[in-house]
Protein chains: 2
Amino acid sequence: MKLTTFSDYAFRVLIYLASTGESASLSELAQAYGISRNHLVKAVNTLEKNGFVRTRRGVGGGISLARPASEISLVEVALSTEPNFTIVECFDYENNTCRIAGACRLERILQDATRAFMAEIGKYTLADITGNSKVLLKLIARSSA
Amino acid sequence: MKLTTFSDYAFRVLIYLASTGESASLSELAQAYGISRNHLVKAVNTLEKNGFVRTRRGVGGGISLARPASEISLVEVALSTEPNFTIVECFDYENNTCRIAGACRLERILQDATRAFMAEIGKYTLADITGNSKVLLKLIARSSA
DNA sequence: TCATTGTTGCATTTTATTTACAACTATAGC
DNA sequence: GCTATAGTTGTAAATAAAATGCAACAATGA
């Protein structure tokens with residue numbers, strides 16, 4: 001069970017932006033974390049389409065938070081970047097082939113478990129995970145040097 | 001975010017065995033659910049190695065529960081069949097490459113969320129999800145016919 | 001007008017998972 | 001003991017999903 005690197009990257013972008021409090025370019029972000037610019041591009045794109053960040057092209061452009069960090073719920077981010085939360089086949093009615101779907105009680109339990117997972121990360125906003133920004137930025141600076 | 005089909009199959013095996021209250025052969029299980037015998041084999045193997053089921057070769061052999069359904073915790077099953085619960089890269093210290101690991105507060109939150117997921121399925125045993133066995137077996141019978 | 005910076009779509013690579021295959025071992029009944 | 005049944009093991013192949021790369025494009029500010 002894991003989130004995609006895609007979601008992971010989206011979180012990293014938000015954390016970086018919230019930590020610096022400024023806007024950043026795609027190249028800066030990719031270099032800061034030492035990750036694929038290409039993949040990052042798509043994560044940022046998804047963040048933009050979902051209203052978490054704003055982007056501006058051209059000289060002096062870049063990516064910045066579209067709203068205060070305290071108004072960006074972590075669960076909303078995960079829901080928008082993760083392709084799906086189909087824990088088991090039967091969660092997807094359309095494509096389910098499991099013969100006991102409907103009668104099986106496991107489905108409900110796994111749904112509750114997923115909700116519990118969501119509820120937990122739903123307790124926090126981006127602001128909650130961006131307190132130690134100096135330490136964090138120092139870490140990034142040290143590794144990219 | 002999802003569990004592997006492997007884990008899914010493991011659950012299906014346990015549910016079947018608990019529902020019939022008898023032992024079943026690999027072929028019977030594969031046919032009942034209409035799924036790949038090959039993959040099922042490995043799931044059963046893992047279940048056996050982790051003490052959830054007992055297997056017997058030869059004529060009249062097959063697979064049966066190694067302990068009462070009420071003593072088989074769903075979370076234990078998931079933990080033994082799922083390859084890992086590395087929700088994000090940094091959960092795996094050995095291979096982590098994220099530069100802010102350690103200072104980043106998201107890790108802790110995702111760990112708590114994962115624990116919440118586990119705690120939820122940990123509330124139940126195989127016995128809890130095997131009440132409506134007749135309905136369930138009828139469903140299987142109908143589809144495999 | 002040009003350099004900068006994000007956008008889009010498609011192709012490729014990589015990885016993980018799933019499935020298949022084959023040779024093997026154990027067991028029960030005749 | 002022979003034979004059919006049934007699980008075991010290891011390896012290989014196929015599939016699917018995710019990650020990465022690339023190239024042509026569009027907007028913006030100096």
Side-chain angles (χ1 to χ4, degrees), chain A residues 1-13 17 22-50 52-64 66 81-89 92 95 97-98, chain B residues 1-10 12-13 17 22-50 52-66 81-89 92 95 97-98:
Chain A
M1 197 170 84
K2 59 179 61 160
L3 295 178
T4 56
T5 315
F6 186 85
S7 293
D8 190 350
Y9 285 6
F11 278 122
R12 295 191 203 182
V13 166
L17 295 176
E22 299 171 13
S23 74
S25 73
L26 277 170
S27 302
E28 179 183 347
L29 287 166
Q31 215 220 337
Y33 285 113
I35 58 182
S36 156
R37 188 178 184 283
N38 299 293
H39 204 198
L40 192 69
V41 161
K42 282 162 201 171
V44 168
N45 223 268
T46 299
L47 288 174
E48 194 276 329
K49 290 207 163 63
N50 285 281
F52 298 115
V53 302
R54 213 175 285 132
T55 57
R56 261 185 50 212
R57 305 196 211 192
V59 182
I63 299 131
S64 54
T81 58
E82 201 57 13
N84 66 70
F85 283 92
T86 306
I87 305 297
V88 283
E89 199 187 342
D92 176 9
N95 304 306
T97 67
C98 181
Chain B
M1 197 171 84
K2 60 179 60 163
L3 295 178
T4 55
T5 317
F6 186 86
S7 292
D8 190 350
Y9 284 6
R12 295 190 203 182
V13 167
L17 295 177
E22 297 172 12
S23 73
S25 72
L26 278 170
S27 302
E28 178 182 347
L29 287 166
Q31 215 221 337
Y33 285 112
I35 59 182
S36 155
R37 188 180 184 278
N38 297 293
H39 204 196
L40 193 70
V41 161
K42 282 162 200 170
V44 168
N45 224 265
T46 299
L47 287 174
E48 193 275 329
K49 290 208 162 62
N50 285 280
F52 298 115
V53 301
R54 213 174 288 134
T55 57
R56 261 187 49 214
R57 308 196 209 190
V59 182
I63 299 130
S64 54
L65 293 182
T81 57
E82 201 57 13
N84 66 68
F85 283 92
T86 305
I87 305 298
V88 282
E89 199 186 341
D92 176 8
N95 304 303
T97 66
C98 182

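Residue numbers begin at 1 in each chain, while the letters A, B, ... track the order of the sequences. Worth knowing before you read on, the calculation uses all heavy atoms, side chains too, and leaves out hydrogens, waters and symmetry mates.
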Check whether the side chains of B:Ser23 and B:Ser64 place a donor and an acceptor atom closer than 3.5 Å, and report yes or no.
->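 No donor-acceptor contact under 3.5 Å links the two side chains.
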Atom [atom1] of [X] to atom [atom2] of [N]: distance rounded to whole Å?
X	N	atom1	atom2	answer
A:Leu40	C:dT7	CG	P	12 Å
A:Ile35	D:dA18	CD1	P	18 Å
B:Met1	D:dA18	CE	P	13 Å
A:Arg56	C:dG6	CZ	C1'	12 Å
B:Phe6	C:dT18	CZ	P	9 Å
B:Arg54	D:dA6	CZ	C1'	17 Å
A:Leu26	D:dC25	CG	P	20 Å
A:Leu3	D:dA19	CG	P	10 Å

Side chain of [X] only, heavy atoms from C-beta on: which candidate in [options] is closest?
X	options	answer
A:Thr4	D:dA18, C:dT18, D:dT8	D:dA18
B:Arg57	C:dA26, D:dA19, D:dT5	C:dA26
A:Arg37	C:dT19, D:dT5, C:dG6	C:dG6
B:Ser25	D:dA6, D:dG29, C:dT7	D:dA6
B:Val41	D:dT8, C:dA28, C:dT19	D:dT8
A:His39	C:dT18, D:dT5, D:dT20	D:dT20

If each of B:Asn84 and B:Gly60 is mapped to the nucleotide of DNA chain C with the nearest heavy atom, which maps nearer the 5' terminus, i.e. the 5' end?
->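 The residue closer to the strand's 5' end, by nearest nucleotide, is B:Asn84.
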Which class fits the ring pair B:His39 and B:Tyr9: parallel under 30°, tilted 30 to 60°, perpendicular over 60°?
->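 It falls in the perpendicular class, over 60°.
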Do the side-chain N or O atoms of [X] get closer than 4.0 angstrom to the phosphate oxygens (OP1, OP2) of [N]?
X	N	result
B:Asn38	C:dA20	yes
B:Tyr9	C:dT17	no
A:Ser27	C:dT5	no
B:Thr55	D:dA6	no
B:Asn45	D:dT9	yes

Full working for side-chain hydrogen bond (donor to acceptor under 3.5 Å, both in side chains) between A:Lys42 and A:Asn38 | CA-CA 7 Å; A:Lys42 282 162 201 171; A:Asn38 299 293; over 6 Å; no
Measure distances between side-chain N and O atoms of A:Lys42 and base N and O atoms of D:dT20, and say whether any donor-acceptor pair falls under 3.5 Å.
->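 Such a pair exists between side chain and base.
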Would you classify A:Val44 as touching base, sugar-phosphate or nothing, given that sugar-phosphate means primed atoms plus P, OP1 and OP2, and contacts are heavy atoms under 4.0 Å?
->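 No contact at all - A:Val44 keeps every heavy atom at 4.0 Å or more from the nucleic acid.
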Sugar-phosphate, base or nothing in reach of A:Lys49, heavy atoms under 4.0 Å |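 Sugar-phosphate contact only - A:Lys49 comes under 4.0 Å of backbone atoms but never of a base.
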